[in-house]
There are 2 protein chains.
Amino acid sequence: MKLNTKSRYAVMALADMAVFSRNNAVSLRDISLRQGISLLYLEQIFLKLKKNNIVKSVRGINGGYMLVKTPKELKILDILLALDQKVKTIGCKKDSKKSCNGKSTKCITHNFWDELDIHINSFFESKKLSDLLRNKEVRY
Amino acid sequence: MKLNTKSRYAVMALADMAVFSRNNAVSLRDISLRQGISLLYLEQIFLKLKKNNIVKSVRGINGGYMLVKTPKELKILDILLALDQKVKTIGCKKDSKKSCNGKSTKCITHNFWDELDIHINSFFESKKLSDLLRNKEVRY
DNA sequence: TATATACCCGACTAAAATAGTCAAGTTTTA
DNA sequence: TAAAACTTGACTATTTTAGTCGGGTATATA
């Protein structure tokens, strides 16, 4: 059960911004260098973050991106949703009448997976970007 | 963030066994028919379950598989581990000194992902196969 | 106003993972 | 001894992932 790198890099890059922004835009180039993420890949990621109103952009020289919300307000869940990373651990469709394995009734395990999804979702819902920053162990 | 079908089918098949076994072996053919899972695929899955001592097999006519533990004792986590489905949501290596994105220090987000893994793991650790069965909504 | 910096965006692709199938067995019991 | 059922490794089509590529556009500053 894995999270894809896009989601991971997105959280990483936003955490970087939270640390290094002093009310000025942070360029992808800087994030790329500091975090070791491909610039081209970051561009792709930030396109989505911008469309979903997680960041706003400043074009031109000295441009970059800025967080729309403060790190305290920004939920990790919002970041993941911006990258289409839904927490839906299995394929059963919740709403459909013809759902699990093509059967008309819910499969034996259906409700269990729903529970799992809720469990994970609530974790991402409760965590804010700021929660990542107070770690003493980490050096930048 | 998805669970693979192998893990899902494994849990499903074992739940089926828990429901339909009356101290006799349950054949994969029956599970296949009831749960709508390919017989050939089930064979592959049960090979792993057997290797990991989740089920034991009875060969020959009227053969099949039996649960090694009772549904009350069998943790969902054990099932997932049997299928190599580790709950390790990202690629950072926990122990290595040269870990995240090839850097010598832990990445900003490292501890957060560790927390996530623990959160999910403890869910699978706490749930037993029997927990799936008491659901009144489900018909068989 | 030239130019360098940095965002913008769709299309493409190699590699890996997934979700199976296939073939050729072996074992056991009725 | 025939049929049911487990055993096992190898194979494969499809999908997903993890990016790259190419060609833009906007803007600050020299």
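All values below come from the heavy atoms of this structure, side chains included, with hydrogens, waters and symmetry mates left out. A quick note: this is a predicted structure, and the numbers were derived from the prediction, not measured. Naming: A, B, ... by sequence-line order, numbering from 1 per chain.
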Without decimals, in angstroms, what is the distance between [X] [atom1] and [N] [atom2]?
X: Leu40(B); N: dG25(C); atom1: CG; atom2: P; answer: 17 Å
X: Lys51(A); N: dC8(C); atom1: NZ; atom2: P; answer: 10 Å
X: Asn4(A); N: dT15(D); atom1: CG; atom2: P; answer: 19 Å
X: Met66(A); N: dA6(C); atom1: CE; atom2: P; answer: 15 Å
X: Asn24(B); N: dA5(D); atom1: CG; atom2: C1'; answer: 14 Å
X: Tyr41(B); N: dA17(C); atom1: OH; atom2: C1'; answer: 11 Å
X: Leu42(B); N: dA5(D); atom1: CG; atom2: C1'; answer: 13 Å
X: Ile90(A); N: dT18(C); atom1: CD1; atom2: P; answer: 16 Å

Can you tell me if the side-chain N/O atoms of [X] get under 4.0 Å from OP1 or OP2 in [N]?
X: Ser27(A); N: dC7(C); answer: no
X: Tyr65(A); N: dA6(C); answer: no
X: Ser57(A); N: dC8(C); answer: yes
X: Asn62(A); N: dT5(C); answer: no
X: Lys50(A); N: dC8(C); answer: yes

Worksheet, complete the sentence: Ranking Ile61(A) and Tyr9(A) by the position along DNA chain D of their nearest nucleotide, the one closer to 5' is Tyr9(A)
Worksheet item: Between dG19(D), dG10(C), dT7(D), which nucleotide has the shortest distance from any of its atoms to the side chain of Ser38(A)?
Response: dG19(D)
Can you find a donor-acceptor N/O pair under 3.5 angstrom joining the side chain of [X] to the base of [N]?
X: Glu43(A); N: dC8(C); value: yes
X: Gln44(B); N: dT21(C); value: yes
X: Arg59(A); N: dT25(D); value: yes

Worksheet item: Roughly how far, to the nearest 0.5 Å, is CD of Glu43(A) from CG of Leu28(A)?
Response: 6.0 Å
Fill in: Of Leu14(B), Leu81(B), Val68(B), the residue whose pairing with Ile54(B) passes side chain to side chain contact (heavy atoms under 4.5 Å, CB included)
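Answer to the side chain to side chain contact (heavy atoms under 4.5 Å, CB included) test with Ile54(B) among Leu14(B), Leu81(B), Val68(B): Leu14(B).
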Worksheet item: For Lys2(A) and Gly64(A), take the nucleotide of DNA chain C holding the closest heavy atom to each; which residue's nucleotide lies nearer the 5' end?
Response: Gly64(A)
Discussion item. Applying a strict under-4.5 Å side-chain criterion to I, L, V, M, F, W and Y, I'd like to know whether Phe123(A) and Leu80(A) cluster together.
Written reply: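 Yes; Leu80(A) is reachable from Phe123(A) via cluster members.
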Worksheet item: In terms of ring plane angle, is the pair His119(A) and His119(B) parallel, tilted or perpendicular, where the classes change at 30° and 60°?
Response: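 Rings of His119(A) and His119(B): parallel, under 30°.
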Practice prompt. Classify the angle between the aromatic ring planes of Tyr9(A) and Tyr41(A) as parallel (below 30°), tilted (30 to 60°) or perpendicular (above 60°).
Written response: perpendicular
